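The structure follows.
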Amino acid sequence: MNQVEPTTNQNSTLPQSLATESVAPAKISLVGVSKTFRARQGAVLALDNISLNIAEGEFVCLVGPSGCGKSTILNLIAGLETPTEGEVLMDGEVISGPGRDRMVMFQESALFPWLDVLQNVMFGLRLKPNLTNPERAEVAMYYLSLVGLEKFYKSSVHQLSGGMKQRVALARALAPNPKILLMDEPFSALDALTREQLYGDLQRIFVQRQKTIVFVTHNIREAACLGDRIILISPNPGRIGQDMRVDLPRPRDINDPALSRTSIPITAALKRSLGKNGSLVDA
């Protein structure tokens with residue numbers, strides 16, 4: 001990709017190409033969804049009769065132990081997997097494959113090491129129609145500004161810390177202006193201080209850009225810090241245990257005693273849903 005030098009002061013306001021593009025958040029529905037994987041030892045039922053509605057502009061956290069099917073639900077919404085039974089819908093239409101209206105952010109940043117920061121964020125915009133290269137650079141710089149990395153747009157990936165790489169990955173996921181942002185434990189490998197900074201960044205961006213976000217985590221306090229709703233997933237096979245709403249004002253601080261108090265009944269509910277054979281997630 002050819003380097004495009006962004007113009008000055010373009011990261012202070014919403015680019016015209018975004019201001020004229022109306023992309024409303026989407027609603028998601030899983031209706032009687034089951035998913036079976038074929039393995040050497042036979043069929044493995046990963047999800048059993050999952051029904052779930054996620055409203056437009058809602059931040060929903062899927063919480064549960066490893067192997068409970070959280071990531072499978074995310075992959076079904078992304079269109080990376082298809083259900084064995086049931087349907088996954090976006091705005092009433094069946095999801096049949098990946099699309100630009102649904103962007104995924106994984107545990108690893110998955111940045112391209114041969115591209116600099118700006119080029120990595122611009123990469124996802126190459127498939128977006130009717131944008132010139134200068135407009136792509138303008139949009140990329142706007143989102144780098146949102147995550148606080150506008151001064152590092154020329155940096156190489158190997159020069160960035162782990163937290164900075166995840167910020168770039170977040171900017172890249174947001175740049176195509178998707179309706180839905182799908183996040184699969186994106187902060188799990190980061191140190192506590194960096195995670196706290198990213199919690200603030202993500203909440204601010206959620207309020208500003210009004211996306212529908214589905215966030216997978218095994219950390220209950222992280223879920224309480226970020227989510228409007230917390231969906232507890234019980235394992236073997238994955239089923240919805242409880243659906244709980246978090247009524248705390250934003251922005252939320254992971255160290256706030258009120259958030260800790262909110263986490264206590266959620267932890268207790270998860271213990272009950274796991275039963276004797278389940279392993280407790282981090283509280």
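Residue indices begin at 1 and follow the sequence shown. Keep in mind that this is a model prediction, so the values were computed, not measured. Worth knowing before you read on, the calculation uses all heavy atoms, side chains too, and leaves out hydrogens, waters and symmetry mates.
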Indicate yes or no: at least one non-hydrogen side-chain atom of Leu232 is less than 4.5 angstrom from one of Ile240.
no

Check: Asn53/Ser29 side-chain N/O donor and acceptor closer than 3.5 Å:
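There is such a pair between these side chains.
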
CG-CG distance between Leu76 and Leu52, expressed to the nearest 0.5 angstrom:
11.5 Å

Just how far is it from atom CD of Glu222 to atom CG of Leu202, taken to the nearest 0.5 Å?
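CG of Leu202 is found 9.5 Å from CD of Glu222.
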
Do Leu118 and Val157 share a hydrophobic cluster (ILVMFWY, side-chain heavy atoms under 4.5 Å, transitive)?
yes

Check the side chains of Asn75 and Thr72 for a donor-acceptor pair under 3.5 angstrom, ignoring hydrogens and angles.
no

Before accepting this row, confirm whether a basic side-chain N of the pair Arg245/Glu58 lies closer than 4.0 Å to the acidic partner's carboxylate O.
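Salt bridge flag = yes for Glu58 with Arg245.
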
Please determine if Asp91 and Lys179 form a salt bridge, counting it only when a charged side-chain N lies under 4.0 Å from a carboxylate O.
yes

If you measure from the Lys or Arg side-chain nitrogens to the Asp or Glu carboxylate oxygens, is any gap between Arg250 and Asp228 under 4.0 Å?
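Yes.
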
Among Ile213, Val207, Ile205, the one residue meeting side chain to side chain contact (heavy atoms under 4.5 Å, CB included) with Arg209
Ile205

Test side-chain contact (heavy atoms from CB on, under 4.5 Å) on Asp201 and Arg167 and set out the steps.
CA-CA 9 Å; Asp201 288 342; Arg167 278 190 166 93; 2.7 Å; yes

For residues Asp116 and Ser156, is any side-chain donor paired with an opposing acceptor at under 3.5 Å?
no

Answer yes or no: does atom CD of Gln208 have more than 12 heavy-atom neighbours from other residues, nucleotides or ligands under 6.0 Å?
yes

I'd like to check Leu30 versus Ile28 (side-chain heavy atoms, cut-off strictly below 4.5 Å). Are they in contact?
yes

